[in-house]
Amino acid sequence: MDYKQTMNLPQTEFPMRASLAKREPEWLAFWEEIDIDRLVNEATSDGPPFLLHDGPPYANGHIHMGTAFNKVFKDLIVKYKSMRGFHSPYVPGWDCHGQPIEHQVEKDLGPEKMKTTSQAELRALCREYALKFVDVQATEFQRLGVRGDFERPYLTLDPAYEAGNVRIFREMYERGMIYKGSKPIHWCIRCKTALAEAEIEYRDVTSHSIYVPFAFTEPPSAFTVDAGLAADTPVSVLIWTTTPWTLPANVAVTLAADAAYVGVVRDGRVIVFAEELVAQVAEVAGWGAEVELVRGGDGEPVRLTGAELAGLGLTYTHPIHDGVTGVLVTGEHVELSTGTGAVHTAPGHGEEDYLMGQRFGLPSPMPVDDDGVFDAGGGPFAGLRVTEANPRIIEWLAERDALVAATTTSHSYPHCWRCKQPVIFRATEQWFVSMDLAAEGVRPLREGALEAIGQVEWIPGWSVNRIRSMVTDRPDWCISRQRAWGVPIPVFSCASCGETVATDETFDAVIALFETEGADAWFTRKPSEYLPETVRCGRCGGSSLIPEDDIVDVWWESGVSHTSVLDAREELHRPAELYLEGSDQHRGWFQSALLTSVGAYDAPPYERVLTHGFIVDGDGRKMSKSLGNVISPLDVIERSGADIIRLWAAAADYSQDVSISDEILDRTSEAYRRMRNTFRFLLSNLHDYDPSMAVAWDEMPELDRYALVTLSDLVDRVTRAYDEWRFHQVYRAVFDYCVVDLSSFYLDVLKDRLYSDGTDSLSRRSAQTVLASVLTSLVRLVAPILTFTAEEVWQHSPESLRDGHVSVQLAGWPTVEVPAEEADELRAAYKVVLEARDVVTKALEDSRAAKLVNKSQEASVELTAPAEALEVLSARGAERLAEMFIVADLTLAEGDGLGAGVAVASGEKCPRCWNHRTLGVDPAFPELCGRCAGVLAGR
RNA sequence: GGGCCCGUAGCUCAGUUGGUUAGAGCGCACGGCUGAUAACCGUGAGGUCAGUGGUUCGAAUCCACUCGGGCCCA
């Protein structure tokens, strides 16, 4: 007889093979059909708010693993929070303006077409480009399972968004935090345009290399009288430069604070520079092997550190301009490998020079116009182009005996990407956010930002150190860009006197203009068309105004999303409960959002900030085309499915850099399959169950109660891990539970009861009661992570277990209540049982190796245990223990330690349940064991 | 060069305030089962805790330096 038909074998439509790449799109269609985002937001509308505000990725190109990781991360948090009942609307955003898009559009157009393209047309093309990639990325993010308001995302090019920039600018302008200053930028004199770092190509060139002594106005005594030289011995500091044309703009010489400086005696003068470089300079200058140093009374060379020298308050005669002097300062950027250790400093012509100028309050002359031609500030070189001026300046210095050496050097120098000509560093008018200056009665930004940082929760904790040190040390924020694709700096200048005009009236008008027509109108309309007639220049009363040409830094734009999005949208609010981005955003969005929020409202834009590491390869190296280690999320979706990416993301410790490799993805897929099979087993044994059959706690076999305790522990552990942002521990706990608690123990033991006991028996229904609880809890626990698979499980679950929820995302969070005191007893007792089980399985393995038994059901076990353990084990009973160890029978005895002996069971194999028992106890079923006979007899 | 951070078995992670032979799961090897079957169960082998030096009775854990890696600056 085929007893199979008489048993309750597993049945399910839930496929073992996931085929995620094929099935996931079907679930996406399902969610779209039921409008899951709206349903969740409605269901949680009365819940406490938990707003995760999306940082906008740049709308340029396809998503990569970093953006995929970030979005998946956000999605699992939003889904967890909404399942917990929080109201967590998620509005994805995109950063649409900026140089990379403009640059790409310009490249696509080509130089010829560019010439005939108006700014308005260029902006239209940029817009088209950005919107195209918003669509591309939106599709890709959704394919990853990300849920949100993709119907109505926020875009930084939306008119209302653009207007928000003006609101913040106005607040900060009126609070005295925004000023106009000058700053050196890369400038192409041929294209007459500013260049961003990304538009610079570095090439090797041969440049002039000159060593110029700057004569001190008062020779320092340390190098003269103190060393036995005449008090009026001329003393100079020797600088080195490869750009002679920047000398007219010199204002200072920067020394290395800790380096030693010495004086070389040469033709009756003293030339001071770094001791380390004496031999090098002597060679270039042709001084020969014997270099005479200024020596003190002890015969040792006179040495002063840079700090000491700068501390003397010396001034020097300007190398070019009569009657002008410069000063000595110290800075960290001074190198001692080449040059003289004394750096010619022209704040108008170099980044570091500019920073030195800021720090020491130096003037910042900039005598070069847009074409690279010296104006009157060029002194004797006025009217010359800088390139022409170089040889003339060298000649001029030589004539005045102010040239120690002139040679050439080869080094890498920035060039324009367009015309391939060398660029220059040139100070231009720019707009700045001041970190330390503000209107009367207004707290300066740095101070306010630092306090705000202290009010925010930073996760992980070290993250606060990073943002704090950055805000503490950062220079003023240059917010203007000489570009077309962006939001204008919303101010005007008076056509007659040049004064800046920015008043309540103009701001109101500009905000209204942007809201109705977008920032494009700034470039197509005349101010007279939208400004009130009453607007006048505050200085000269002029009424003709010129709109500012520059646009605002894109970091500013994304930063103001707290206003343009959180304040502007009804369903959102400021501050957000959470910002979540990669660690690079300490310099980027976290900071631009903080500074604009504190600047405008004196309050942080977020309550907490969570940062994750970067995605690197299996060896911890960054992904790059040249290393050939790039893994595309789109490929992984195609090959393995989005849930594999989601599981990988959840399993990683995001507080460090996160590795991905083929091996890691393979391991992730294996873990996925393990969990999937666990779900499949649960589903397949619940096909004939509904909650009306549920068995009460008190009626359950002890093992089932213990199983509920472990489930309850799991729910607690997982919930805590989610709440404490430790997602990899969620994964860990769930996975270990599936493998250790369920698969290798509880489910393995349960098979006999589920398959062989009476369909409607208490023992089987009790097991199913537990399995139903495990299934409906577990599927919820993993739903934020395995978003597709959880839905698939949900839809395959008996309808009676779904509580009327059309999607698992609407099913809420599980709770499993167990009596606390009894739970403690069970945990303690089963610790002993499981230890004994380990001993038994080990003994079984030994007897398998000895060819004594094969399956554990063939074994008869004698278990010995010390008195204390024996008491616990006896309390369960030998029969229950045999069931839990899946052996034929078991006897207990007291012994020194835990030990197990194995013998071949005496009974015969029951053809129905495959256990080794005494058969034929029921004459009606001579070949069956007693239990199976009872089941078939309907007892 | 500076700021912040990281480096425990092939992989992903545990290792409380320094304290017995450094743990887990996966993978791997071997075995079992064939009523979770492109599944399931068991056993086993894997680690100079990046390296060096130091503090200590005792360090994966504290300190210094070195090496390797990441982000951001320069």
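The basis for the numbers below is simple: all heavy atoms, side chains too, and nothing from hydrogens, waters or symmetry mates.
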J.: Counting any heavy atom closer than 4.0 Å, what does A:Met16 reach on the DNA or RNA strands: base, sugar-phosphate only, or nothing?
T.: sugar-phosphate

J.: With centres under 5.5 Å and planes under 30° as the test, does A:Phe614 stack with B:G70?
T.: no

J.: With a 3.5 angstrom cut-off on both distances, give the Watson-Crick or G-U wobble partner of B:G42, or none if there isn't one.
T.: B:C30

J.: Students often get this wrong, so: under 4.0 angstrom with heavy atoms, is A:Trp648 touching a base, only sugar-phosphate, or nothing?
T.: nothing

J.: Could you run through nucleotides 22-30 of chain B and give me one letter per nucleotide, 5' to 3': B if any protein heavy atom sits under 4.0 Å from the base, S if only the sugar-phosphate is that close, - if neither?
T.: --BBBS---

J.: Give none if B:G1 has no partner; otherwise give the nucleotide forming a Watson-Crick or G-U wobble pair with it, both distances under 3.5 Å.
T.: B:C73

J.: Round to a whole Å and report the spacing from CZ of A:Arg359 to C1' of B:A74.
T.: 12 Å

J.: Could you give the distance from CD1 (A:Ile644) to OG1 (A:Thr668), rounded to the nearest 0.5 Å?
T.: 7.0 Å

J.: Output yes when at least one side-chain N/O atom of A:Arg621 is less than 4.0 Å from OP1 or OP2 of B:G69, else no.
T.: yes

J.: Would you indicate which nucleotide in B:C13, B:C6, B:G35 comes nearest to any side-chain atom of A:Asp653?
T.: B:C13

J.: Which of residues 680-687 of chain A sit near RNA chain B, with a heavy atom under 4.0 Å from it?
T.: A:Arg680, A:Phe681

J.: Which parts of residues 459-471 of chain A get close to RNA chain B, meaning a heavy atom less than 4.0 angstrom away?
T.: A:Trp462, A:Asn465, A:Arg466, A:Ser469, A:Met470

J.: Look for any protein N or O under 3.5 Å of an N or O in nucleotides 47-52 of chain B and output each such pair with its distance, or none.
T.:
none

J.: Could you give the CG-to-C1' distance, from A:Asp846 to B:G44, as a whole number of Å?
T.: 11 Å

J.: Run A:Asp553 and A:Trp477 through side chain to side chain donor-acceptor pair (under 3.5 Å) and show every step you take.
T.: CA-CA 10 Å; A:Asp553 177 15; A:Trp477 180 10; 3.0 Å; yes

J.: Kindly write out the residues that satisfy side-chain hydrogen bond (donor to acceptor under 3.5 Å, both in side chains) with A:Ser743, not counting sequence neighbours, or none if the list is empty.
T.: A:Arg674

J.: Any strand counts, and the cut-off is 3.5 Å on both contacts for Watson-Crick or G-U wobble. Which nucleotide pairs with B:U37?
T.: none

J.: With a 4.0 Å heavy-atom cut-off, tell me which residues in residues 581-590 of chain A come close to RNA chain B, sorted by residue number.
T.: A:Ser583, A:Asp584, A:Arg587

J.: Kindly write out the residues that satisfy side-chain hydrogen bond (donor to acceptor under 3.5 Å, both in side chains) with A:Glu862, not counting sequence neighbours, or none if the list is empty.
T.: none

J.: Just jot down the side-chain contact (heavy atoms from CB on, under 4.5 Å) partners of A:Asp584, sequence neighbours excluded, or say none.
T.: A:Phe614

J.: So A:Ala849, base contact, sugar-phosphate only, or nothing? Heavy-atom distance under 4.0 Å.
T.: nothing

J.: Compare side-chain N and O positions of A:His612 against OP1 and OP2 of B:C71 and report whether any pair is under 4.0 Å apart.
T.: no

J.: Taking the minimum atom-to-atom distance to the side chain of A:Gln656, which one of B:G7, B:C33, B:G42 wins?
T.: B:G7

J.: Tell me the interatomic distance from A:Asp619, atom CG, to B:U12, atom P, rounded to whole angstroms.
T.: 10 Å

J.: Among A:His612, A:Lys74, A:His586, which one satisfies side chain to side chain donor-acceptor pair (under 3.5 Å) with A:Glu581?
T.: A:Lys74

J.: Looking at A:Glu908, I want to see if its CD is surrounded by more than 12 non-hydrogen atoms of other residues, nucleotides or ligands under 6.0 Å.
T.: no

J.: What residues form a side-chain contact (heavy atoms from CB on, under 4.5 Å) with A:Arg587, not counting sequence neighbours?
T.: A:Met470, A:Arg474, A:Gln591

J.: State whether A:Ser744 places a side-chain N or O below 4.0 Å from either non-bridging phosphate oxygen (OP1 or OP2) of B:C40.
T.: no

J.: To the nearest angstrom, how far is A:Phe679 atom CZ from B:A39 atom C1'?
T.: 17 Å

J.: Starting at atom CG of A:Leu647, determine the distance to atom C1' of B:C13, rounded to an integer number of angstrom.
T.: 13 Å

J.: Rounding to an integer number of Å, can you tell me how far A:Ile644 CD1 sits from B:C11 C1'?
T.: 15 Å

J.: Would you please say whether a donor-acceptor pair under 3.5 Å links the side chains of A:Asn8 and A:Asp688?
T.: no

J.: Please examine the side chains of A:Cys910 and A:Arg931, heavy atoms only from C-beta on, and report whether any two atoms are closer than 4.5 Å.
T.: no

J.: At 4.0 Å (heavy atoms only), tell me whether A:Lys751 reaches a base, stays on the sugar-phosphate, or touches nothing.
T.: base

J.: For A:Leu76 and A:Phe727, work out which heavy atoms get closest and say how close.
T.: CD1-CD2, 3.5 Å

J.: Between B:C41 and B:U34, how far apart are the two P atoms, rounded to whole Å?
T.: 15 Å

J.: Measuring only the C1' atom in each nucleotide, how far is B:A36 from B:C40? A whole number of Å is fine.
T.: 6 Å

J.: Quick one: do A:Thr710 and A:Tyr830 satisfy side chain to side chain donor-acceptor pair (under 3.5 Å)? Show the steps, please.
T.: CA-CA 10 Å; A:Thr710 59; A:Tyr830 276 75; over 6 Å; no

J.: Are more than 12 heavy atoms, taken from residues, nucleotides or ligands other than A:Glu724, located less than 6.0 Å from that residue's CD atom?
T.: yes

J.: Could you tell me how far apart A:Lys842 (NZ) and B:G44 (C1') are, to the nearest whole angstrom?
T.: 9 Å

J.: Syn or anti for B:G32? Use the chi torsion, O4'-C1'-N9-C4 for purines and O4'-C1'-N1-C2 for pyrimidines, with syn inside 90° of 0.
T.: anti

J.: Give, for atom CD1 of A:Ile886 and atom CG of A:Asp748, the distance between the pair rounded to the nearest 0.5 Å.
T.: 3.5 Å

J.: Between the base of B:A36 and the side chain of A:Ser743, is there a donor and acceptor pair under 3.5 angstrom?
T.: yes

J.: Which nucleotide in the set B:G35, B:U12, B:G70 lies at the smallest distance from any side-chain heavy atom of A:Ile664?
T.: B:U12

J.: Please enumerate all residues that pass salt bridge (Lys or Arg N to Asp or Glu O under 4.0 Å) together with A:Asp258, with sequence neighbours excluded.
T.: none

J.: For residues 616-624 of chain A, which side-chain donor-acceptor pairs fall under 3.5 Å, sequence neighbours excluded?
T.:
unit_1   : atom_1 : unit_2   : atom_2 : d
A:Asp617 : OD1    : A:Asp619 : N      : 2.8
A:Asp617 : OD1    : A:Gly620 : N      : 3.1
A:Asp617 : OD1    : A:Arg621 : N      : 2.9
A:Asp617 : OD2    : A:Asn629 : ND2    : 2.7
A:Ser624 : OG     : A:Ser626 : OG     : 3.3
A:Ser624 : OG     : A:Leu627 : N      : 3.1

J.: Does the ring centre of A:Phe679 sit less than 6.0 Å away from the ring centre of A:Phe14?
T.: no

J.: What is the pairing partner of B:C65, taking Watson-Crick or G-U wobble pairs with both distances under 3.5 Å in any strand?
T.: B:G51

J.: Only pairs with both distances under 3.5 Å count, Watson-Crick or wobble alike; so what is the partner of B:G23 in this structure?
T.: B:C13

J.: Which residues pass the side-chain hydrogen bond (donor to acceptor under 3.5 Å, both in side chains) test with A:Lys855, not counting sequence neighbours?
T.: none

J.: Can you check whether A:Lys855 has a side-chain N or O nearer than 4.0 Å to OP1 or OP2 of B:G42?
T.: no

J.: Calculate the interatomic distance between A:Asn677 atom CG and B:C40 atom C1'; express it in whole Å.
T.: 9 Å

J.: Calculate, to the nearest 0.5 Å, the distance between atoms CG and CH2 belonging to A:Leu595 and A:Trp556 respectively.
T.: 9.5 Å

